[in-house]
Every structure is written in C-alpha cells, then in structure tokens.
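Here's the structure we're looking at; comments come further down.
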Amino acid sequence: MFDTPQRTPLKITEARILISGGTAGVGLATARKFAAMGAPEVSINGRNPERGEAARAALQADFPECRVHFLAADSGKTDQAIGLGAAADDAMGGVDVLVNTTVSAYPYPTLFHKIDINDIEGMVLSQIMPHLLMCRAVMDGMREREQGVIINIASDAGKATTPGESIIGGLMAGIIMFTKTLAMEAKRSGIRVNCVTPSIIEGTLTHDTVMGGEFSGKLFAKAKQMAQLGVVNAEEMADLICFLSSPAAAKMTGQAISLNGGISAA
C-alpha cells in the first residue's frame, strides 16, 4: 500500500497572497476579503501604477494589520511575469496563494466574422498568457515548500457555447483544461489548483464594457434574466475564491466551479 502524505492545510492567517490583476473588480474585492480574513500579507498586481498605488493605499488604510504591496507589471509578458514572481518573493518572502484574475482588454463578445484579424493575436495572448506565466512563476517556490494554492479565473464561456464567444470560449476552455491538468501534476507537491468560471459579474469594468456594446449588451441582458438566483457581483466571487484558498477546501483540486446565479448548469 502507498502511504498518503498528511499535510496541515495552510491557514489564511498564515498565507502570503499574490493577486494578478488585483487593482480593480474581482481582484481588488478578493484582496479586500483576504485582508479581512486576517491574511498577513497581500500583494496586488496591475499595469497601471497610479491605480495600483491608490488601491494599495486604500487597502492598507482599511486593514492596517495586513501588509499590502502593489507590484506593477504586465503579467502577460514573460520577462515581466518573471520579475513579478521575484518581486513578490522579495516583498513577502514567497507566495502561498496565487489568484489569477487578469482579463483581456479587448471588447467582447463579437461574432467571429466581425473580428478584425489583426486583433486576434493580441486577444489570445492577453487573455491566456497571464495564467500560464504566473503559475509557472510561483511554481518552483510552492514545490520547494510543498504547499500552495492557485486559483485561476476563467468563464462559463469555456463550458457552454455562446454566439459571439468563439475566441473567448476557446481561450477559457484552455484555461480550464490547463487548471485541471496542472492540478494533477501539482498535487504531488501539496499544491491545489482550481478554477472559477463566472458568467456576468456586476460591479466590474468588464460588465460595463459588455453591457455597453450593441450585440453583447443584448446577449447579456437576456443572460441576466436567466440568473434567477441573482446576478453575481465581485464580492461574491471573492467569497468563493477565498473559500477555495482556505483549509475548508483543503481536499479540493482540479475543479472548475461555475458561479452564475443559475444562468446555466455548466
């Protein structure tokens, strides 16, 4: 018989948190939730130094017992992702929990034949590369410590086909499968990897962008009517992410969990 290693789950009150895309929306709500739960150190990452420093200062003022760091970088660029991982190590001494919330800046959904071919490369790289690069950037440290949690944010577009989401759906399916496969590899080192797949998230810039589009606004207005349990907001996403990072979910890995108010049963 094989001996199953018995590991003590890492408590949030002991965890060093890095949130890629943590200066607004779901990422910032998640940073706030972790700090409220007693995380000793939280690093938020973003591309905009002014917005990032403002977010850091607000979090630090609200949670003085938590050391809050802002680390400026584009996590979708290899050299900057490597630098971000190193900066997090320097600031906090390591990363115990990585949350990848970075989303593409390109507007969507859009019917495939209406997408400018010159935009496709940027859409692909900006959406999926941050998840791949940041997971790799923290993996060595987590493996060395034989513990860690990674939460990737994807979308139900990777589970259910929706007109206008041909590219985003393919990319989200890629993030979901990457998460599941990485979970199988990383479990040997005590690392858990899960994915959260929302649909519409109120109170975010992405929500405002898609609702402002002629095609996407009509599409998601219909979807909201299907959310008979209520449309999800950023704080509810943060609750789920923090649960998945906690000892209460210590035996959960490789899961892609929908949080969509009943829009679909994916």
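Keep in mind that the numbers below use all heavy atoms, side chains included, and drop hydrogens, waters and symmetry copies.
At least one side-chain heavy atom of Ser246 sits less than 4.5 Å from a side-chain heavy atom of Ile12.
With sequence neighbours left out, Asp62 forms a side-chain hydrogen bond (donor to acceptor under 3.5 Å, both in side chains) with Arg32. Applying the side-chain hydrogen bond (donor to acceptor under 3.5 Å, both in side chains) rule to Arg145 yields no partners; only residues at least two apart in sequence or on another chain are considered. Residues passing the side-chain hydrogen bond (donor to acceptor under 3.5 Å, both in side chains) test with Asp116, sequence neighbours excluded: Asn118. Remark: Leu132 pairs with Ile128, Met129, Phe178 by the side chain to side chain contact (heavy atoms under 4.5 Å, CB included) rule, at least two apart or across chains.
The pair Glu41-Arg67 meets the salt-bridge criterion, since a charged nitrogen lies less than 4.0 angstrom from a carboxylate oxygen.
In this structure, the separation between OG1 on Thr253 and CD1 on Ile191 is 9.5 Å, given to the nearest 0.5 Å.
Closest heavy-atom contact between Gly262 and Asn260: N-OD1, 2.9 Å.
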Show which side-chain atoms of residues 70-77 pair as donor or acceptor with protein atoms under 3.5 Å away, not counting sequence neighbours.
| unit_1 | atom_1 | unit_2 | atom_2 | d |
| --- | --- | --- | --- | --- |
| Asp74 | OD1 | Gly76 | N | 3.0 |
| Ser75 | OG | Ser20 | OG | 3.0 |

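Here the side chain of Arg192 pairs a donor or acceptor atom with the backbone of Leu244 at under 3.5 angstrom. Arg188 places a side-chain N or O within donor-acceptor distance of the main-chain N or O of Met184, the cut-off being under 3.5 Å.
Side-chain contact annotation: Thr197 with Asp156, donor-acceptor N/O pair under 3.5 Å present.
Hydrophobic cluster membership differs between Leu10 and Phe243, with clusters built from Ile, Leu, Val, Met, Phe, Trp and Tyr side chains linked at under 4.5 angstrom.
Listed by first then second residue, pairs satisfying salt bridge (Lys or Arg N to Asp or Glu O under 4.0 Å) with a partner in residues 130-144 read Arg136-Asp140, not counting sequence neighbours.
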